[in-house]
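Residue numbers start at 1 and run along the sequence shown.
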Amino acid sequence: KPAAELGYRLKTEPALSVLALRSAFSETPLHSDLHGQVARGAQAVFPLKASDLPKEITGKNIGNVLRECESEWIASGFVKTKSQLLG
């Protein structure tokens, strides 16, 4: 996973640890903006909640739709808004 996504999913310190280990195992240097990318992800707040979804989406489909929207939001660099994700 990219640094920003790791920051979002794990928060700052665990994400940096994962990236340091990845760098050591692959014997590649860490990217110069690594801390910035991780921090951006760690500060990101997913803009959707189950209650934002249309009433027709029920049961386990709620989780499926939220996961799909979250993936789309992460891929957008955490910039897509609630209305863009629902549109």
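Residue pairs that meet the salt bridge (Lys or Arg N to Asp or Glu O under 4.0 Å) test with at least one member in residues 72-81, sequence neighbours left out, are Glu72-Lys80. Residue pairs meeting the side-chain hydrogen bond (donor to acceptor under 3.5 Å, both in side chains) criterion with at least one member in residues 20-30, sequence neighbours excluded: Ser26-Thr28. Sorted by first and then second residue, the pairs that involve residues 1-17 and meet side-chain hydrogen bond (donor to acceptor under 3.5 Å, both in side chains), not counting sequence neighbours, are Glu5-Arg9, Tyr8-Glu70.
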Expected list for residues 46-62: side-chain donor-acceptor pairs under 3.5 angstrom, two or more places apart:
from	atom 1	to	atom 2	distance (Å)
Asp52	OD1	Lys82	NZ	3.4
Asp52	OD2	Lys49	N	2.7

Without placing hydrogens or testing angles, list every side-chain donor-acceptor pair under 3.5 Å for residues 30-42, not counting sequence neighbours.
from	atom 1	to	atom 2	distance (Å)
His31	ND1	Asp33	N	3.0
His31	ND1	Gln37	NE2	3.4
Arg40	NH1	Gly77	O	3.3

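Think of Leu21 as one node in a network of Ile, Leu, Val, Met, Phe, Trp and Tyr side chains linked at under 4.5 Å; its network also takes in Phe25.
In this structure, Glu68 has no salt bridge (charged side-chain N to carboxylate O under 4.0 Å, His left out) partners at least two apart in sequence or on a different chain. Checked against side chain to side chain donor-acceptor pair (under 3.5 Å), Thr81 has the following partners two or more places apart in sequence or in another chain: Ser83, Gln84.
Hydrophobic clustering (ILVMFWY, side-chain heavy atoms < 4.5 Å, transitive): Ile74 and Leu66 are in one cluster.
Minimum heavy-atom separation, Leu85 to Cys69: CD2-O, 3.6 Å.
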